[in-house]
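So you know, we letter chains A, B, ... as the sequences are listed, proteins then strands, and number each from 1.
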There are 2 protein chains.
Amino acid sequence: MLQYPQEEPDFGVALSTSLVLFGFDGSDLQVLLAKSKRAPYEGALFLPSRYIAADDDLMLSARKMFKQLFGYEDPAMIEQLQAFGKVFRHPGGRVINVAHYALVRKSDFQASNWDENDMQWIPFSEVPDLAFDHNEIVQYAKERLKRRVKRRPVGFGLLPDKFTLGQLQNLYEIALGKTFDKRNFRKKLFKTTLLIDLDQKADGRAAGQHKGSQLFSFNKEKYQKMKIQGYDFVF
Amino acid sequence: MLQYPQEEPDFGVALSTSLVLFGFDGSDLQVLLAKSKRAPYEGALFLPSRYIAADDDLMLSARKMFKQLFGYEDPAMIEQLQAFGKVFRHPGGRVINVAHYALVRKSDFQASNWDENDMQWIPFSEVPDLAFDHNEIVQYAKERLKRRVKRRPVGFGLLPDKFTLGQLQNLYEIALGKTFDKRNFRKKLFKTTLLIDLDQKADGRAAGQHKGSQLFSFNKEKYQKMKIQGYDFVF
DNA sequence: TCAAAAGTGTTGGGGGTACACCCATGC
DNA sequence: GCATGGGTGTACCCCCAACACTTTTGA
């Protein structure tokens, strides 16, 4: 039969998932990486990864790993990237990596058992050579993030609840890889009417935040309503 | 170890791939579907699919299936969509479907052994309930196509070498799901300077083609050059 | 007092959208 | 002759890009 030329499926494959975790500390967009302790990649950095049991849901497995790392369940955004086949060959057979990416607010959690796994945040633009084919995955994730940032207000999921326009602009500039004029950037964002002016000024200096600058939050409810009515966020 | 909590990968999974094949006949964008002859989906339509051997490359498997169907190797565009996990459960175990999509020029090939497999082109907007989770895959493929059409000149890969502006407009309208003003559409396309006016008028009536209307072709070489110099096709 | 970021308006040009009529061809 | 699609120009508006100086705060 043309559609299924092999008589029987070949049940010799294992699944893994890697998570590309993007975090933002106010001035720097970063990717979470672990350090390998095993040959042949001893000492090299790689994406947090795990095997998926044969009967586990793909997305659920990715979410479980996320929870293990951060202690909470619902990242601002999590999505499958795609399946990567050119992974390292396990002696036991073929392993397919179904990679995901997620966005986290770095302000939302505290590192817990990361040290023992040698995990660290690496700036977006300085990701070194990684183990396995993880550079390819990170590259793909970056492209996906760019597309999403342009067409959906996902950027806000990376920021703390109260943020300054400076932080927001930093984020957009790093994610999209170009600079924007401050005045034009503000006009553009205000035009969406999705920013709530909190009538509050920053009283300390978080990363990328200037003491005394105006704080804003993102009007998620309004965005939901507008979306239903056909509004399309385009940056 | 946090990164790989299961000691060993679980080699009990099989891979399959489904192809979402988009074709265009000049007036209608279509998807290629086969008819199932087996329970529990007997009579239902589904995407052309095959199992992937455990040590086969994902993309290569998709290309092989493409060649089986069309007799030539290089579709205008072929890309992985993503892995779909909620596929039917084979009695032997878990099957993961790594779906792909491809664009074909319907003018480039002749149906061969399709009859015996009950394969047929179904209009883009009239895809019925499909077997397995294939509706989800088709839906995902449509979104991907929309994005690609907007940001790359992939539409031309669906058209015959010589096409009319009417055909091109049809294609864009169906793919993006909206209508365009004829004059504005032409202005926009001419502005790209990527259309070659063949100084030739259609002498018959292909689908969606009006006898006597001007024929154009796409200047692929010029596009390649412009792309290298940073040009970004945006429709 | 110096450095760094916040905050603030105007102008010009380009691109998008809206809009209507005549012509060529097939049936 | 009638229906269908081909082909053509103008006007307006909105959005984007370019552009510079003053103020606040921390060090």
Side-chain angles (χ1 to χ4, degrees), chain A residues 24-28 150-151 159 162-174 176-217 230-235, chain B residues 24-28 149-151 159-160 162-174 176-217 230-235:
Chain A
F24 187 68
D25 68 2
S27 61
D28 238 346
K150 265 189 203 155
R151 313 208 56 92
L159 291 165
K162 300 176 178 185
F163 53 86
T164 68
L165 289 178
Q167 291 178 311
L168 187 61
Q169 185 170 347
N170 279 344
L171 174 58
Y172 271 85
E173 291 188 344
I174 300 172
L176 298 178
K178 50 182 166 182
T179 58
F180 299 100
D181 178 89
K182 209 195 311 179
R183 283 164 290 192
N184 295 335
F185 183 84
R186 281 156 190 253
K187 266 179 287 181
K188 200 164 175 176
L189 266 300
F190 287 142
K191 193 161 45 68
T192 65
T193 70
L194 290 170
L195 292 187
I196 301 172
D197 187 330
L198 295 173
D199 261 324
Q200 219 185 103
K201 289 182 188 293
D203 61 353
R205 282 188 107 168
Q209 194 174 83
H210 196 268
K211 175 167 172 177
S213 58
Q214 194 59 242
L215 289 172
F216 294 86
S217 69
Y231 171 74
D232 200 14
F233 181 92
V234 177
F235 178 76
Chain B
F24 186 67
D25 67 2
S27 61
D28 238 345
V149 160
K150 266 188 203 155
R151 310 208 58 91
L159 290 165
K162 302 176 178 186
F163 53 85
T164 69
L165 288 176
Q167 292 178 309
L168 187 61
Q169 186 170 348
N170 280 343
L171 174 58
Y172 271 84
E173 292 187 343
I174 300 171
L176 298 177
K178 51 182 164 182
T179 58
F180 298 99
D181 178 87
K182 208 194 313 179
R183 282 163 292 189
N184 296 335
F185 183 84
R186 283 160 190 249
K187 265 180 291 183
K188 199 165 176 178
L189 266 298
F190 287 143
K191 195 161 44 67
T192 66
T193 69
L194 289 169
L195 292 187
I196 301 171
D197 187 329
L198 295 173
D199 262 324
Q200 218 186 99
K201 290 182 187 291
D203 60 354
R205 282 190 106 166
Q209 193 174 84
H210 196 268
K211 174 167 175 176
S213 59
Q214 194 58 243
L215 290 171
F216 294 86
S217 69
Y231 171 75
D232 200 16
F233 182 93
V234 176
F235 177 75

**OP:** Take atom CG of A:L165 and atom P of C:dA6, then tell me their distance rounded to the nearest Å.
**Re:** 8 Å
Original post:
Does the side chain of B:V149 come within less than 4.5 Å of B:F235's, by heavy atoms?
Top reply: no
Subject >> Integer-rounded Å distance: C:dG7 P and A:Q209 CD >> reply: 11 Å
Using a 3.5 Å cut-off and no angle test, enumerate the donor-acceptor pairs between side-chain atoms of residues 164-174 of chain B and protein atoms at least two apart in sequence or in another chain.
from	atom 1	to	atom 2	distance (Å)
B:T164	OG1	B:G166	N	3.4
B:T164	OG1	B:Q167	N	3.2
B:Q167	OE1	B:T164	N	3.0
B:Q167	OE1	B:Q209	NE2	3.3
B:Q167	NE2	B:A207	O	3.0
B:Q169	NE2	B:E173	OE2	3.0
B:Q169	NE2	B:F180	O	2.9
B:N170	ND2	B:G26	O	3.3
B:E173	OE2	B:F180	N	2.8

Original post:
Taking atom types as they are modelled, is there a donor-acceptor pair under 3.5 Å from the base of C:dA6 to the side chain of A:R183?
Top reply: no
Subject >> Spacing of B:Q169 atom CD relative to D:dG6 atom P, expressed in whole Å >> reply: 8 Å
Original post:
Are there more than 12 heavy atoms of other residues, nucleotides or ligands under 6.0 Å from atom CG of B:D203?
Top reply: no
**OP:** For B:K182 and for A:L215, find the nucleotide of DNA chain C with the closest heavy atom, then tell me which residue's nucleotide is more 5'.
**Re:** A:L215
Original post:
Could you state the CG-P distance from A:D199 to C:dG7, rounded to the nearest angstrom?
Top reply: 12 Å
**OP:** Please tell me if the side chains of A:L194 and A:F216 come closer than 4.5 Å, counting only heavy atoms from C-beta onward.
**Re:** no
**OP:** Measure from the side chain of A:K187, starting at C-beta and using heavy atoms only, and say which of C:dT10, C:dT17, D:dG6 lies closest.
**Re:** C:dT10
Subject >> Polar side-chain contact A:D181-D:dC16 base: donor and acceptor under 3.5 Å >> reply: no
Original post:
Just how far, in rounded Å, is P of C:dG16 from CZ of B:F190?
Top reply: 15 Å
Subject >> For atom CZ of A:F216 and atom C1' of C:dA6, their distance in whole Å >> reply: 11 Å
Subject >> Rounded distance in Å - CD (B:Q214) to C1' (D:dG5) >> reply: 15 Å
**OP:** Verify the contact: side-chain N or O of B:K211 to OP1 or OP2 of C:dT25, cut-off strictly under 4.0 Å; return yes or no.
**Re:** no
**OP:** Look at the side chain of B:H210 and decide which nucleotide, out of D:dA18, D:dG7, C:dA24, has an atom nearest to it.
**Re:** C:dA24
Subject >> Out of D:dC16, C:dA6, C:dT17, whichever nucleotide has its closest atom nearest the side chain of A:K191 >> reply: D:dC16
Subject >> Value rounded to 0.5 Å, distance of CG in A:L159 from CG in A:D25 >> reply: 10.5 Å
Subject >> B:R186 side chain near D:dG7 phosphate (N/O to OP1/OP2, under 4.0 Å) >> reply: yes
Original post:
So, does A:Q200 use its side chain to make a donor-acceptor pair with the main chain of A:Q214 at under 3.5 Å?
Top reply: no
Original post:
How close or far is atom C1' of C:dT8 from atom CG of A:L189, stated in whole angstroms?
Top reply: 16 Å
Original post:
Which residue, A:Q167 or B:K188, contacts DNA chain C at a nucleotide closer to its 5' end, judged by nearest heavy atom?
Top reply: A:Q167
Original post:
What pair of heavy atoms forms the shortest contact from B:D199 to B:D197, and how long is it?
Top reply: N-OD1, 2.9 Å
Original post:
B:F163 versus B:L195: any side-chain heavy-atom pair under 4.5 Å?
Top reply: yes
**OP:** Under 4.0 Å from any atom of DNA chain D, heavy atoms only: list the residues of residues 201-208 of chain A that qualify, in numerical order.
**Re:** A:R205
Original post:
Looking for any heavy atom pair under 4.0 Å, which part of the strands does B:G212 touch: base, sugar-phosphate only, or nothing?
Top reply: nothing
